[in-house]
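First the structure, in the form of structure tokens, and then the observations on it.
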Amino acid sequence: MSINLNAHAFAGNPIRSKTLKAHDPLSPSSAFQSLKTHLLQNPETTSLPPPPKSPLFKVLPFRKGRPLASSSITGNNDDDVPSWHLGWISLPDCKYFLGKCGMDLTEDSLVYLGSKVEDDVVYWAVDVSGESRLVPELGNKQFCFVELRTLMVATDWSDSIAMGELAIAGHARALLEWHNLSRFCGHCGEKTIPKEAGRRKQCSNESCKKRIYPRVDPVVIMLVIDRENDRALLGRQSRFVPRMWSCLAGFIEPGESLEEAVRRETHEEAGIEVGEVVYHSSQPWPVGPSSIPCQLMVGFFAYAKSLEINVDKEELEDAQWHSREDVRKALAVAEYKKAQKTTAAKVDQMCKGVEKGQSLSADFNVESGELAPMFFPGPFAIAHHLISTWANQDVPTDGVKAGSKQPSSSILNL
């Protein structure tokens with residue numbers, strides 16, 4: 001089953017536009033000044049007009065890394081699949097809900113996410129992890145804080161709007177988790193303060209004033225290919241569910257190139273020597289541990305120079321060569337669309353209060369008939385596209401030429 005995407009999951013953020021001039025009302029600096037004015041106003045006690053040329057502000061609350069979400073069904077048929085949506089609330093409503101819980105909404109607690117010029121809207125995120133009373137308040141409005149991985153699996157990848165919302169949520173989570181990790185200066189230990197509408201931080205120590213920017217951790221992920229025998233090397237980690245296999249991956253070390261990282265990680269994990277390394281595509285990955293809030297997965301095809309596997313058991317549980325035919329069969333059996341619909345229905349139940357607190361991140365493992373001996377990460381992961389591009393490289397499809405000698409990134413229409 002080949003999946004065609006316009007962009008990887010978490011890429012293609014629709015509100016991350018080109019940098020705006022400082023005087024533009026939607027720019028981070030201008031919007032932040034308007035935000036401060038709005039927050040100082042009390043509609044019950046002041047008659048001050050809103051700031052001139054003030055855009056509309058929408059806020060996305062997060063709790064423990066989970067964005068606020070809602071769900072709806074547009075059709076009237078029994079087989080219509082619900083769609084999740086980000087739980088944007090207006091700035092006054094955000095102040096109201098937090099005020100009911102005894103919390104003050106300050107400008108430093110809000111992080112600028114972006115804007116839509118055509119709608120004259122500026123989008124913000126806020127972390128409300130410290131206030132548990134907010135959960136039932138928003139639950140009464142059929143909102144729910146949902147794990148980002150769950151929303152990822154529940155996203156209809158053929159829906160560009162849904163994919164855009166997922167990218168916004170990923171960007172927001174990465175920024176908020178980075179803020180939580182960078183509360184103190186790594187140089188002198190003093191507290192840090194948000195700057196530029198939360199897009200960077202600065203040490204509060206006047207003798208230090210170190211600037212701190214959001215952290216991105218690059219990771220190489222590679223499908224290692226045995227050209228001569230038409231096989232690919234796939235690995236298993238101990239945390240994987242049974243029968244799941246994926247590409248090898250590892251963090252880039254200081255002082256090495258991307259290609260060097262591919263060769264080093266492949267040798268360390270599986271004992272395979274790699275020669276040629278070919279770039280495929282990259283993907284933001286904000287659903288890792290909170291200590292690494294935004295990984296950037298950089299995907300490659302790597303061509304093996306040796307074939308004998310020697311697995312490092314501290315890195316992998318197992319690694320094996322798999323034929324192209326076996327990989328194609330596994331892709332054909334896995335029902336990723338069925339899994340997406342199943343998870344979307346569960347998100348709908350959660351938002352309606354039927355079931356909460358479940359971990360649904362592995363629900364893409366849905367197959368019909370006899371179970372296949374293996375399956376791979378779903379189409380939300382770059383590993384899926386590395387594997388499927390190689391498996392189908394000589395299958396005539398749109399943008400992929402039959403008999404191609406080298407895997408191409410054209411299945412993923414980047």
Step through the shown structure and confirm whether more than 12 heavy atoms of other residues, nucleotides or ligands are within 6.0 Å of CZ on Phe251.
yes
If you count every heavy atom of other residues, nucleotides or ligands that lies below 6.0 Å from Ile161 atom CD1, does the total exceed 12?
no
Does Arg227 count as lying over the ring of Tyr303, i.e. NZ or CZ under 6.0 Å from the six-ring centre, within 45 degrees of the axis?
yes
State whether a side-chain donor-acceptor pair under 3.5 Å links Gln320 with Asp318.
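The criterion, which ignores hydrogens and geometry beyond distance, is satisfied for Asp318 and Gln320.
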Going by atom types only, do Asp104 and Thr106 share a side-chain donor-acceptor pair under 3.5 Å?
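Their side chains do not contain a donor-acceptor pair, so the 3.5 Å distance test is not met.
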Please check if the side chain of [X] supplies one atom and the backbone of [Y] the other of a donor-acceptor pair under 3.5 Å.
X: Ser204; Y: Ile193; result: no
X: Gln142; Y: Ser70; result: no
X: Arg328; Y: Ser388; result: no

Tell me if the centroids of the rings in Tyr112 and Trp124 come within less than 6.0 Å of each other.
yes
Kindly write out the residues that satisfy side chain to side chain contact (heavy atoms under 4.5 Å, CB included) with Ala167, not counting sequence neighbours, or none if the list is empty.
Asn13
Which is it for Arg133 and Glu137 under the salt bridge (charged side-chain N to carboxylate O under 4.0 Å, His left out) test, yes or no, and what are the steps along the way?
CA-CA 7 Å; Arg133 289 175 293 176; Glu137 282 288 338; over 6 Å; no
How about [X] and [Y]: do any of their side-chain heavy atoms sit closer than 4.5 Å?
X: Leu307; Y: Asn229; value: yes
X: Trp285; Y: Ile382; value: no
X: Asp120; Y: Leu56; value: no

Candidate list Trp390, Trp245, Phe375, Tyr336, test ring-ring contact (aromatic ring centres under 6.0 Å, His included), partner His384, passing option:
Tyr336
Could Asp156 and Lys341 be called an ion pair, given the rule that one side-chain N must be under 4.0 Å from one carboxylate O?
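Salt bridge flag = no for Lys341 with Asp156.
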Kindly assign one of parallel, tilted or perpendicular to the pair His8 and His280, based on the angle between their ring planes and the thresholds 30° and 60°.
tilted
